Amino acid sequence: MVTVDERKSELPSRIGSLGQVSGVLGCQWGDEGKGKLVDILAKHFDVVARCQGGANAGHTIYNSEGKKFALHLVPSGILNEDTMCVIGNGVVVHLPGLFEEINGLESNGVPCEGRILVSDRAHLLFDYHQEIDGLRETELAKSFIGTTKRGIGPCYSSKVTRNGIRVGDLRHMDTFSDKLDVLLSDAASRFKGFKYNRDVLKKEVETYKRFAERLEPFICDTVHYMNESISQKKKILVEGGQATMLDIDFGTYPFVTSSSPSAGGICTGLGIAPRVLGDVIGVVKAYTTRVGSGPFPTELLGDAGDLLRIAGQEFGTTTGRPRCCGWIDIVALKYVCQINGFSSLNLTKLDVLSDLAEIKLGVSYKHSDGTPMNSFPADLSDLEQSKVDYETMPGWQADISSVRSYSDLPKAACEYVERIEQLVGVPIHYIGVGPGRNALIYK
Ligand code: GTP
């Protein structure tokens, strides 16, 4: 077996020198291409952990034979047989979905038992959470959030209401039925369309009895495990889902997700101390996209937006929904860099801009009366009415998808990269020039 130390020696020094506990987080509204970087880094870490979100995240990864695996809850270290995968306390776990992923992996020869640890403190996401996610969006009608309807928001609601059920509760099936009754009765009293009776409860309890048996070998006190791993000097990679502009606190509320996809979420979602965090890498597209509802100051409408959407294949992976596209938003990016204290950035999809004669960067916002905004506004009406000032740079109009070294990039592409670095004050260490694993430039 190849040890982590042996593998480290083959790495570009950039990866080898990453901190013992490192993280990869999204900087915009998700879909930045975090999956590719996580996939590249994961095999150089002993533990890969998820700290927040649920099956609303996820990406496609490939094993060494090119076989495709779609992961939503299982951390992407799973394809490296000597990597442990942790689903932390901050994650919400839908067991039918988790077992489906595990079945898919195991039937393709990827062993999971003993390699996936699920926190006993993580909350269980039931099918009924998914059902009320849909009912809630219908109720909101025109003001709908645009959730993935995977039940993530309702599950975090149960957690905060303090009637949620945790993974560790599966070890006490004697009280499980009463707890589930409280949860389902609550939903039935709130949502007219939610049908609940004793038969529904009985059936669900029977299902969860079977799940409890199957999950037992995976259940772990992951807070203890993570901290022990840190003491043993194991290398840990934290895989963020969604992104800071969707953060429940810092995002464009209420058009946000229900967890903390920012650096703080790494500590609260895994039970590790802030001082152990080494490198946190922010992943940012060379332009901006957004799905779901909510304001988007640098959005490009009409043909210009269509051009980016088609070049970048910006259509939702599960729904096929077209994503709104626009220029890079430096105001939002600076705000996100402040919150997360990134050590470096991964600029993805630079290749998508290759045909453009000119590229714009949204560098500041003004109020509707023309006065400058000093920071990213909390107030959505301010954001909706804001006017964006742009800087325009020349494009490179050359195919860069086979470039592998920074010095081989066209001058205009380097100038664009360096202008972003200068404006946000964080170095860009990784540049994506294509979807493939090797289409990455280390700067
Ligand atoms: P969420 O966790 O759902 O926010 O997604 P993600 O950030 O993990 O994004 P994902 O890995 O789904 O990447 C989005 C798409 O972009 C994938 O199809 C990637 O293959 C593709 N992609 C990633 N990097 C690049 C790049 O540099 N250039 C191009 N052209 N495509 C890229």
Side-chain angles (χ1 to χ4, degrees), residues 25-37 242-246 251-252 281-292 294-317 321-337 342 345-365 376 383 386 388-401 403 409-410 412-424 426 428 430-435 439-441 443:
L25 303 177
C27 294
Q28 295 158 314
W29 280 278
D31 307 310
E32 296 90 351
K34 298 176 288 292
K36 182 170 128 182
L37 185 66
Q242 299 89 42
T244 297
M245 293 309 292
L246 292 171
T252 44
I281 305 171
V283 184
V284 52
K285 258 183 222 184
Y287 49 99
T288 308
T289 62
R290 169 157 210 177
V291 274
F296 179 177
T298 61
E299 183 173 4
L300 280 167
L301 301 168
D303 291 351
D306 289 344
L307 243 151
L308 279 181
R309 189 160 29 254
I310 291 161
Q313 288 295 297
E314 299 295 354
F315 300 92
T317 30
R321 250 193 316 182
R323 296 178 183 142
C324 302
C325 296
W327 299 118
I328 194 161
D329 184 337
I330 298 293
V331 183
L333 186 56
K334 270 187 185 167
Y335 166 71
V336 167
C337 288
F342 294 126
L345 295 175
N346 170 200
L347 188 71
T348 63
K349 296 192 142 187
L350 188 63
D351 55 301
V352 172
L353 303 182
S354 290
D355 287 339
L356 303 177
E358 281 185 338
I359 296 167
K360 292 192 179 188
L361 304 92
V363 290
S364 55
Y365 294 168
F376 189 86
L383 196 59
S386 66
V388 182
D389 288 323
Y390 290 95
E391 260 183 39
T392 304
M393 299 189 72
W396 45 94
Q397 297 194 289
D399 181 4
I400 57 169
S401 59
V403 175
L409 274 180
C414 295
E415 281 169 357
Y416 181 63
V417 171
E418 286 160 30
R419 185 65 186 138
I420 298 170
E421 285 181 318
Q422 200 178 45
L423 287 167
V424 301
V426 181
I428 294 172
Y430 313 86
I431 301 164
V433 289
L440 190 74
I441 296 172
K443 177 172 166 292

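Owing to the predicted nature of the structure, the values given are computational and were not obtained by experimental measurement.
Residues satisfying the salt bridge (charged side-chain N to carboxylate O under 4.0 Å, His left out) test with Asp306, not counting sequence neighbours, are Arg309. Remark: Lys349 pairs with Glu314 by the salt bridge (charged side-chain N to carboxylate O under 4.0 Å, His left out) rule, at least two apart or across chains. With sequence neighbours excluded, the residues satisfying salt bridge (charged side-chain N to carboxylate O under 4.0 Å, His left out) with Glu415 are Lys411. For Ile441, the side-chain contact (heavy atoms from CB on, under 4.5 Å) partners two or more places apart in sequence, or in a different chain, are Val403, Tyr406, Leu409, Ile431, Val433. In this structure Thr289 satisfies the side-chain hydrogen bond (donor to acceptor under 3.5 Å, both in side chains) test together with Lys285, sequence neighbours excluded. Val283 is linked by a side-chain contact (heavy atoms from CB on, under 4.5 Å) to Val24, Glu32, Lys34, Leu37, Asn346, Thr348, counting only residues two or more places apart in sequence or in another chain.
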Open item on the list: Thr252 vs Arg290, test: side chain to side chain contact (heavy atoms under 4.5 Å, CB included). Steps then yes/no.
Closed with: CA-CA 11 Å; Thr252 44; Arg290 169 157 210 177; 3.2 Å; yes

Task: side chain to side chain contact (heavy atoms under 4.5 Å, CB included) assessment of Val352 paired with Leu308 - done: CA-CA 7 Å; Val352 172; Leu308 279 181; 4.3 Å; yes

Open item on the list: Checking Trp29 against Val291 for the side chain to side chain contact (heavy atoms under 4.5 Å, CB included) test, could you report, in this order, the C-alpha distance in whole Å, the side-chain angles of both residues, the deciding distance, and whether it holds?
Closed with: CA-CA 8 Å; Trp29 280 278; Val291 274; over 6 Å; no

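Residues Pro410 and Ile400 share a closest heavy-atom pair of CD-CG2, 3.5 Å. Among all heavy-atom pairs drawn from Leu246 and Gly30, the shortest one is CD1-N, 4.3 Å. Nearest heavy atoms, Phe296 versus Cys324: CE1-O, 3.4 Å. Taking both residues in full, the closest heavy atoms of Ala412 and Pro394 are given as CB-O, 3.8 Å, listed atom of the first, atom of the second, then distance. When all heavy atoms of Leu383 and Pro297 are compared, the closest pair comes out as CD1-CG, 3.7 Å. The two residues Cys337 and Leu345 come nearest to each other via the heavy atoms SG-CD2, 4.4 Å.
In this structure, Trp396 CH2 and Leu356 CG are separated by 7.5 Å, a value rounded to the nearest 0.5 Å. The CE atom of Met245 sits 3.0 Å away from atom CZ of Phe376, with the distance rounded to the nearest 0.5 Å. Within the model, atoms CD1 of Ile281 and SG of Cys27 stand 10.5 Å from one another, a figure rounded to the nearest 0.5 Å. Atom CD of Glu391 sits about 13.5 Å away from atom CH2 of Trp327, to the nearest 0.5 Å. For the atom pair CZ (Arg323) and CG (Asp31), the distance works out to 3.5 Å, reported to the nearest 0.5 Å. To the nearest 0.5 Å, atom CG of residue Asp355 and atom CD1 of residue Ile310 are 12.0 Å apart.
Each of Leu25, Val284, Val424, Leu333 was compared with Phe342 under the side chain to side chain contact (heavy atoms under 4.5 Å, CB included) criterion, and only Leu25 meets it.
Side chains of Asp389 and Ser364: a donor-acceptor N/O pair is present below 3.5 angstrom, by distance only. Between Asp329 and Tyr335, the side chains place no donor N or O within less than 3.5 Å of an acceptor N or O (distance only, hydrogens not considered).
Panel note: side chain Lys36, backbone Ala439; a donor-acceptor pair is recorded below 3.5 Å. A donor-acceptor pair under 3.5 Å is formed between the side chain of Gln28 and the backbone N or O of Tyr287.
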